[in-house]
Protein chains: 2
Amino acid sequence: MASSGTGPRRVTIDDVARSAGVSRQTVSRALNDKNEIGESTKQRVLDAALELGYRPSRFARGLVRQDTISVGLVIPDLLNPFFTEVAAAALDAARARGWHVVVYDTGDRVEEERGTLAVIASQVDAVVGYLSQPEDEIDKLTRGLPVVLIDREHHAERFSAIRIDGKEGVHAAISYLVESGHRRIGMLDHAGRSEPSIRHDWFAGAMTACGLDAGPVSRADQSVEGGENALKELLAAHPDVTAVFTFNDIIAIGALRAARRLGRTVPQDLAVIGFDGLRLGELVEPPLSTVALDTRHLGALAVEQTARLLTRSGPLSRDELVVRAELRRRESA
Amino acid sequence: MASSGTGPRRVTIDDVARSAGVSRQTVSRALNDKNEIGESTKQRVLDAALELGYRPSRFARGLVRQDTISVGLVIPDLLNPFFTEVAAAALDAARARGWHVVVYDTGDRVEEERGTLAVIASQVDAVVGYLSQPEDEIDKLTRGLPVVLIDREHHAERFSAIRIDGKEGVHAAISYLVESGHRRIGMLDHAGRSEPSIRHDWFAGAMTACGLDAGPVSRADQSVEGGENALKELLAAHPDVTAVFTFNDIIAIGALRAARRLGRTVPQDLAVIGFDGLRLGELVEPPLSTVALDTRHLGALAVEQTARLLTRSGPLSRDELVVRAELRRRESA
DNA sequence: TTGAAAGCGATACCAT
DNA sequence: ATGGTATCGCTTTCAA
């Protein structure tokens, strides 16, 4: 984990100074392009530095300059388009502030997440993340660091969390399906740790509000294949279902594919509505209708809250830390 | 760009020590969970730290521990699936080494890229990137830092570069099309700065090798819409074209969509072969045939070379720094 | 233009 | 169990 140990001793500014026959301040001046230095001296120093392969220690430099902020972004899987979008948004918001973002992809493994959090504290000024660790664990591992959680409902006071509120959006989606004549509407829920998911609660609530029984549910892994299998299961058990709402767009895309293989035309024979509003949804056939989240806003909010935590200016209140979802009709429903 | 200036003076370990009535070593012990400390003292220190909102300086800590490596990953656009895959692969390879990766998304803007490079030197130990800056600029901005370039053909000795060699893959693709009976094969090239692209050279070379004239070319922006428009143009001007090879998969997906709108069935009426081998290609309809790159390998190679540069163990040779592409047949051709 | 000395904020090593 | 002191590698401040 280190460059220490075996490797040759680090080349320091003093080595360069010695080699060039000047003091280290002069070296510093040469390297930082100050003008209070003779051209020839400068060149000599630069040559010596190059020769020795000298690179300034960012720690030493940072220690005295103290002018950089970096935040750790912890996500389960960068290849999951949802997290790609969140990450891109966070990167953008951070760049606007001149911050550096250290990205950690935990590969969906809880141990990796623990390891990451354990190591992160000494590397960044704050953490933004989609974490699955229990709160007391997070607390222990990030002691002292500002932490902004993404999409966690319950949380101790120590943390900030950006909540995702899809209630109205899901309601709009279900209403729309009902208005289009659908009565048997199923859901492809996430096969995660908390089941049924909150998104399922929204679904069930919306169904009830429409005077319908919550339809059949099938559990799907968070992947296209997962969605594919789940839809097949669902339709096998409940062939009368004419519309499905899915936990997210990835699963919905799997559903689209399964429907095609089953010979069901979307949206005529089966309407599909996803959740997340991924750009990806525009590319599939037919383009996916979805309950869309503003991921840019999500990322920006997370960074904004981090900034407030960092400067101890008043943090955003719980009510401001919400991203609402809204129905985005495309062609799958 | 800093937290310095206005904000209150930073809380240091000495403040905590004073407040808790102990020495700073004791504070250090309490915070780092050493066991050579009394339980009650520890608690008192922890409380004081919490009270004061103390957070250790990562620079000071890094300075004395010297056991972390972080590399900067500079890419033009994280939302471009190709770069998402490369980034994910690099992240993975870096994690395996215990490195930290600071990600910079320059939003495809050259000035941003310059700014990023300028600021990066004091933040990371090495740079891996897909850069569009001229080489002498890069050299100037990263003076001293190891730099590994991705997909740059020409380069000064100072840099390492991972080359992408699609010659054989493209040849296989064109051969396959020809064997399938195609004679008029067009290309949707990238509307970038160097035109025609190297990928076009491969295309032209393959056509010649098959005894055909290089077909008509249309230029496309790097986007789905770009591909869509480019295919429409191409077919309008050359309706006899029965197959197209595209600069990349994104453009190919646009072509797929345009073909559908034009009433041309893929692959019967029009065969399409992309380049890159994005996962995304599996999701579209029909699944995209493509000349695929191993992005995981690409990311791993970049990180491996960075490691060698960093430890001054023999760097990989030019011949080893290549990722070859190969034809991956799916259903669009 | 150059150099000497004083930090920056932590940890490690050695006393006690 | 606790404290003193040296040290990490650099920039800044002040003299010369």
Side-chain angles (χ1 to χ4, degrees), chain A residues 2-5 7-46 48-49 52-68 121-125 143-145, chain B residues 2-5 7-46 48-49 52-69 121-123 125 144:
Chain A
S3 68
S4 62
R9 200 181 111 280
R10 172 178 190 103
V11 179
T12 76
I13 195 172
D14 287 308
D15 298 321
V16 179
R18 208 169 306 129
S19 160
V22 297
S23 74
R24 56 191 210 206
Q25 300 56 268
T26 303
V27 176
S28 178
R29 283 172 191 123
L31 262 63
N32 294 307
D33 226 16
K34 309 270 187 193
N35 38 10
E36 343 152 278
I37 186 181
E39 195 51 46
S40 67
T41 326
K42 178 166 169 181
Q43 204 42 249
R44 189 153 38 92
V45 172
L46 257 25
L52 296 176
Y54 167 71
R55 277 175 298 119
S57 150
R58 65 171 190 283
F59 293 114
R61 188 174 268 178
L63 184 54
V64 35
R65 293 227 261 246
Q66 325 214 128
D67 61 350
T68 37
S122 51
Q123 290 295 311
V124 299
D125 301 303
R143 194 174 282 294
L145 273 194
Chain B
S3 67
S4 61
R9 200 182 109 280
R10 131 165 234 125
V11 180
T12 76
I13 195 171
D14 287 306
D15 298 322
V16 179
R18 208 169 306 128
S19 160
V22 297
S23 73
R24 56 190 208 209
Q25 300 57 288
T26 303
V27 176
S28 179
R29 282 173 190 123
L31 263 63
N32 294 306
D33 225 16
K34 310 269 186 190
N35 38 10
E36 344 152 276
I37 185 180
E39 195 51 46
S40 67
T41 325
K42 177 167 171 179
Q43 204 43 247
R44 191 154 37 93
V45 171
L46 257 25
L52 296 176
Y54 167 71
R55 278 176 297 117
S57 149
R58 67 170 190 283
F59 293 115
R61 192 175 264 177
L63 185 53
V64 39
R65 292 228 260 247
Q66 329 212 125
D67 61 350
T68 36
I69 292 185
S122 52
Q123 289 294 312
D125 301 304

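Lettering of chains follows the sequences in order, A, B, ..., and the numbering in each one begins at 1. What's counted below: heavy atoms across the whole structure, side chains too, no hydrogens, waters or symmetry copies.
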Does C:dT11 have OP1 or OP2 under 4.0 Å away from a side-chain N or O of B:Ser28?
yes
B:Gln25 has its side chain closest, among D:dG3, C:dA10, C:dG7, to D:dG3
In this structure, how many angstroms lie between the P atom of C:dA10 and the CG atom of B:Leu31, rounded?
9 Å
Rounded off to whole Å, could you give me the CZ-to-P distance for the B:Arg44 and D:dT2 pair?
8 Å
Tell me the interatomic distance from B:Asp67, atom CG, to C:dA12, atom C1', rounded to whole angstroms.
13 Å
Between atom OH in A:Tyr54 and atom P in D:dG9, what is the gap in whole Å?
10 Å
Let me spell it out: for each of B:Phe59 and B:Lys34, pick the nucleotide of DNA chain C with the closest heavy atom. Which residue's pick is nearer the 5' end?
B:Phe59
Answer with base, sugar-phosphate or nothing: what part of the nucleic acid does B:Arg24 contact at a heavy-atom distance below 4.0 Å?
base
Return the value, rounded to whole Å, for the distance between atom CG of B:Asp33 and atom C1' of C:dT11.
16 Å
Whole angstrom value for the distance that separates P of D:dG3 from CZ of B:Arg18:
14 Å
The nucleotide from D:dC10, C:dA10, D:dC8 with an atom nearest the side chain of A:Val64 is D:dC10
Any side-chain heavy atom of A:Ser19 sitting closer than 4.5 Å to one from A:Val16?
no
Is it the case that the base of D:dG9 and the side chain of B:Gln66 share a donor-acceptor contact (distance under 3.5 Å, atom types as modelled)?
no
Base of C:dG3, side chain of A:Arg29 - is there a donor-acceptor contact under 3.5 Å?
yes
Nucleotide nearest B:Arg61 when distance is taken to its side chain, options C:dA10, C:dG7, D:dG9
C:dA10
Point-to-point distance, once rounded to the nearest 0.5 Å, from OG1 of A:Thr68 to CZ of B:Arg58
5.0 Å
I would like to know whether B:Arg10 and B:Asp15 meet salt bridge (charged side-chain N to carboxylate O under 4.0 Å, His left out); could you show each step before the answer?
CA-CA 9 Å; B:Arg10 131 165 234 125; B:Asp15 298 322; over 6 Å; no
Taking all atoms of both residues into account, what is the closest heavy-atom pair of A:Ala30 and A:Val45, and its distance?
CB-CG1, 3.7 Å
Residue-phosphate contact under 4.0 Å: A:Thr12 side-chain N/O, D:dG9 OP1/OP2:
no
N or O in side chain of A:Thr26 less than 4.0 angstrom from C:dG3 OP1/OP2:
yes
Is there side-chain contact between B:Val22 and B:Arg44, with heavy atoms separated by less than 4.5 Å?
yes
Locate the shortest heavy-atom distance separating A:Leu31 from A:Tyr54; write the atom from each residue and the value.
CD2-CE2, 3.2 Å
Using heavy-atom distances to pick each residue's nearest nucleotide on DNA chain D, tell me which of A:Arg55 and B:Lys42 is more 5'.
B:Lys42
Nearest-nucleotide wise, let me know which of B:Glu36 and A:Asn32 is further upstream toward the 5' end of DNA chain D.
B:Glu36
Answer with base, sugar-phosphate or nothing: what part of the nucleic acid does A:Arg58 contact at a heavy-atom distance below 4.0 Å?
nothing
To the nearest angstrom, how far is A:Asp14 atom CG from C:dA4 atom P?
11 Å
Side-chain N or O of A:Ser23 versus OP1/OP2 of C:dG3: is the shortest distance under 4.0 Å?
yes
Interatomic distance, A:Asp15 CG vs D:dC10 C1' [rounded to whole Å]
13 Å
